[in-house]
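Naming convention: chains lettered A, B, ... in sequence-line order (proteins, then strands); numbering from 1 in each chain.
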Amino acid sequence: MSDTHTPSSELFLKKKEDFDRVKREGRRRPTSLFNVMFCLTSTSRTRVGIVVGKRFGKAVARNRGKRIFREVVRKTHGLLVKGQDIVVFPKRPILTCNHQALYDSWVKVLMREGLMSPIKPLPCVKQP
RNA sequence: GGAGUGGGUUAGGUGAUCGCUUGUUCCCGUUUGGGCCUGGGGAUGAGAGGAAAGUCCGGACUCCAAAGGGCAGGGUGCUGGGUAACGCCCAGGCGGAGCAAUCCGACAUGAGCGCCACAGAAAACAUACCGCCGAUGGCAGAGAUCUUUCGAGAGCCUUUGCCAGGUAAGGGUGAAAUGGUGGGGUAAGAGCCCACCGCAUUCAUGGCAACAUGGAUGGCAGGGCAAGCAUCACCCGGAGCAAGACCAAAUAGGGGAACGAACCGAACGGGUUUCUUUUCAACUCAAUGAUGAGGCCUAUCGAGUUGAAGAUUGAAAUCGUGAUGAUUCGGGAGAGGUCGGCCCGACCGAAGUUCUCGGGUAGGUUGCUAGAAGCCCAUGGUAACAUGGGUUCCAGAGACAUGAUCACCCCCAGGUUCCUUGUGAGCGUGGGACAGAAUCCGGCUUAUCGACCCACUCCAUGU
RNA sequence: GUCCCCAUCGUCUAGUCUGGCCUAGGACGCCGCCCUUUCAAGGCGGCAACGCGGGUUCAAAUCCCGCUGGGGACG
């Protein structure tokens with residue numbers, strides 16, 4: 001897929017105002033592993049922000065939570081509908097649950113909200 | 001072999017796939033005119049810690065005017081050394097714990113002030129509750145003695161009670177009570193005297209010193225608390241990379257300059273029509289069109305038709321004449337506001353336009369990692385460490401980079417099967433700590449599954 | 001990241017500087033009893049706390065050190 005060569009610097013939300021806007025105007029969907037909020041944007045791109053607060057744990061745990069989610073977002077970014085800003089709030093159990101379960105849960109929530117094109121198994125996991 | 005003490009090293013490994021940050025280097029470039037930002041792909045190299053943590057100390061670095069002296073305030077506190085510096089480290093002394101290796105210790109101060117609840121006689125400068133004594137002195141009683149005028153008297157004797165008084169041994173209180181043990185001594189006692197121990201002063205010897213050892217003298221000098229105030233010695237100016245330096249939009253505001261009002265003088269000069277030309281809008285050709293991975297700015301495309309608005313620093317023709325004008329140049333003064341009933345007077349002194357200056361926000365760049373650096377060797381030193389030589393280059397972010405999945409091996413638990421029943425093999429399960437650089441170093445403290453190495457101590461056994 | 005501050009019953013607080021009558025006081029709340037026909041108000045009584053671990057001291061909520069948990073300032 002040659003059209004997925006989005007620079008990674010524009011794949012994630014960076015500015016504080018963007019986060020605040022999503023938190024203020026977005027809609028919220030909780031699951032047992034994470035909460036997600038999203039809203040429309042003026043641009044044509046879709047960006048994802050990950051918010052891990054201090055209550056999540058110490059620095060190692062916070063970094064790990066963000067890495068796990070970045071991985072998931074990278075693998076699914078080509079499937080996302082354009083023109084959305086999405087903010088994810090991971091929860092504690094993410095550190096112990098397995099990768100496949102998280103991936104399924106993520107896809108399921110986004111599909112139900114119509115944020116993801118309905119196709120495809122995992123791009124990289126499990127090729128025997 | 002077991003138990004233990006001190007120190008050091010390490011922080012699961014290998015491979016595959018998909019990804020992240022960054023250095024070097026090579027290639028790729030489009031098109032509607034121009035420009036900007038982020039580029040894309042390949043090769044190759046690097047990419048968290050012993051504590052990166054807590055922010056408890058100490059420095060480097062930067063700014064604050066100089067960072068020198070003093071005060072205030074703070075810190076440290078046996079001695080000597082190491083160091084850029086330290087509250088750290090090394091060596092030694094003293095005290096304490098342990099059979100020992102070894103470990104622990106804010107471990108300076110005969111001045112002054114303050115505090116020491118309750119209990120106790122008394123809590124810090126002296127005193128005396130119970131008790132003991134009552135030698136000495138006084139009073140009273142009894143006995144004996146002597147004198148006798150037989151009423152009594154005397155005081156040298158013995159004894160009892162009370163008092164003056166002596167005492168700090170014993171009791172009791174308390175966390176703490178005016179050296180301890182033994183003997184002499186005494187009315188009872190007491191360093192009152194003696195011996196040993198402790199203590200103080202002083203001298204000698206050893207040691208750089210803390211201090212140790214020995215002698216002499218004194219005859220108990222005097223409680224605890226300075227992590228209470230204080231004293232003494234030494235150290236510390238304050239803030240911190242969000243320090244600081246540079247570039248610098250938009251908006252508001254600030255400083256400066258010019259023009260600018262009335263009036264005077266001079267100059268210029270207006271309308272209509274046609275053409276030319278500029279701008280805008282709509283429509284047509286021509287299209288939710290035009291790119292290179294994305295984003296942005298600007299010009300638009302490029303010709304025609306129609307309409308509107310301008311231009312005389314475009315042209316021509318014609319009408320017209322000194323009215324008009326937000327025109328230009330020169331002179332010129334102060335329009336306006338406040339105080340004030342008004343004048344005089346005093347004070348302030350501009351809207352607007354153009355230009356410009358500096359501060360500075362967003363944002364960007366830098367500080368930003370070659371260092372009191374690591375490793376090896378030699379020399380000096382008991383050691384901490386120092387000096388010299390060689391060699392290596394090893395993260396640098398700003399929503400914050402090391403991850404995910406799989407396979408095999410290693411370690412640890414407990415499950416099950418097999419047999420050759422044990423330091424056995426196989427199978428599948430779960431787990432592999434504490435923890436993530438953010439200006440950089442030296443320490444300390446705290447967290448931590450284990451593995452390995454070195455030195456030493458004690459016990460047991462063998463030779 | 002750098003620099004600061006705080007911690008006492010369920011809640012808000014006093015006491016901490018200057019250690020001891022602290023067995024930690026007060027208010028609101030909770031529980032029980034009295035009063036009242038009943039409820040409220042009122043009266044009486046009770047329960048309930050020094051964040052944790054060391055040290056100094058005869059003695060620590062208080063002084064010193066180290067942790068833990070909250071909160072704040074700086075762009």
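Evaluation of the salt bridge (charged side-chain N to carboxylate O under 4.0 Å, His left out) test over residues 27-39 of chain A, restricted to residues two or more places apart or in two chains, returns R27(A)-E113(A), R29(A)-E113(A). Listed by first and then second residue, the salt bridge (charged side-chain N to carboxylate O under 4.0 Å, His left out) pairs involving residues 60-69 of chain A amount to none (not counting sequence neighbours).
Atom C1' of rG260(B) sits at a distance of 13 Å from the matching atom of rG334(B), rounded to the whole Å. To the nearest whole angstrom, the two P atoms, one in rG358(B) and one in rU62(B), are 28 Å apart. Atom P of rC57(B) sits at a distance of 9 Å from the matching atom of rC3(C), rounded to the whole Å. For the C1' atoms, the distance from rA386(B) to rC393(B) is 25 Å, rounded to whole Å. Comparing the C1' positions of rA106(B) and rU57(C) gives an interatomic distance of 15 Å, to the nearest angstrom. With both ends at atom C1', the span from rU109(B) to rC78(B) equals 13 Å, rounded to whole Å. Taking the P atoms as reference points, rC64(C) lies 10 Å from rC229(B), given to the whole Å. Across rG191(B) and rG179(B), the matching C1' atoms stand 10 Å from one another, rounded to whole Å.
If you take CD1 of I50(A) and C1' of rG403(B), they are 12 Å apart, rounded to a whole angstrom. In this structure, the NZ atom of K66(A) is 13 Å from the P atom of rG398(B), given to the nearest Å. Taking atom CZ on R67(A) and atom P on rU405(B), their separation rounds to 13 Å, with Å as the unit. In this entry the distance linking CD of E71(A) with P of rG19(B) reads 10 Å, nearest Å. Across the protein-nucleic acid pair, Y103(A) atom OH and rG19(B) atom P stand 14 Å apart, rounded to whole Å. In this structure, F69(A) atom CZ and rC400(B) atom P are separated by 15 Å, rounded to whole Å. As rounded to whole Å, 10 Å separates atom P of rU405(B) from atom CG of L102(A). Following rounding to the nearest Å, K58(A) (NZ) and rU448(B) (C1') show an atom-to-atom distance of 12 Å.
Remark: L33(A) CG to F69(A) CZ distance equals 7.5 Å, nearest 0.5 Å. Distance CD1/I94(A) to CG/L102(A): 5.0 Å, rounded to 0.5 Å. With rounding to the nearest 0.5 angstrom, the CD1 atom of I50(A) is 11.0 Å from the CD1 atom of I86(A).
For the pair V88(A) and V48(A), the minimum side-chain heavy-atom distance is below 4.5 Å. Under the 4.5 Å side-chain criterion, counting only non-hydrogen atoms from C-beta, P30(A) is not in contact with F89(A). No side-chain heavy atom of I68(A) sits less than 4.5 Å from a side-chain heavy atom of P90(A).
Nucleotide rU202(B) forms a pair with rG215(B), judged by Watson-Crick or G-U wobble geometry with both contacts under 3.5 Å. Base pairing annotation: rC192(B) forms a Watson-Crick or G-U wobble pair with rG184(B), both donor-acceptor distances under 3.5 Å. Pairing of rU24(B), defined by two Watson-Crick or G-U wobble distances under 3.5 Å, is identified with rA43(B). Across all strands shown, rU173(B) forms no Watson-Crick or G-U wobble pair with both key distances under 3.5 Å. Pair assignment for rG388(B) gives rC377(B), based on Watson-Crick or G-U wobble hydrogen-bonding distances that are each under 3.5 Å. Judged by Watson-Crick or G-U wobble contacts below 3.5 Å, the nucleotide rG66(C) has rC52(C) as its partner. When both pairing distances are held under 3.5 Å, rC162(B) makes a Watson-Crick or G-U pair with rG138(B). In this structure, rA72(B) makes no Watson-Crick or G-U wobble pair, since no nucleotide meets both defining distances under 3.5 angstrom.
Contacts of K91(A) classified as side-chain contact (heavy atoms from CB on, under 4.5 Å), with partners at least two apart in sequence or in another chain: N35(A), P93(A). For F38(A), the ring-ring contact (aromatic ring centres under 6.0 Å, His included) criterion is met by no residue, not counting sequence neighbours.
Listed nucleotides rC18(B), rG436(B), rC400(B) differ in distance to N63(A); the shortest reach to its side chain belongs to rG436(B).
In this structure rG367(B) sits in the anti conformation; its chi angle is more than 90° from 0. Against the 90° criterion about 0, the sugar-base torsion of rG330(B) places it in the anti range. Applying the 90° cutoff around 0 to the glycosidic angle, rC394(B) is assigned syn. Nucleotide rA124(B) is shown with an anti base, its glycosidic torsion being more than 90° from 0. Classification of rU369(B) as syn follows from a glycosidic angle within 90° of 0.
Residue-level contact check: R64(A) touches the backbone only, with heavy atoms under 4.0 Å from sugar-phosphate atoms and none from bases.
RNA chain B is contacted by both V51(A) and A59(A); V51(A) maps to the nucleotide lying nearer its 5′ end (nearest heavy atom per residue).
Taking only side-chain nitrogens and oxygens, R70(A) comes nearer than 4.0 Å to OP1 or OP2 of rC400(B).
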Short N/O separations, protein against nucleotides 50-54 of chain B, under 3.5 angstrom:
none

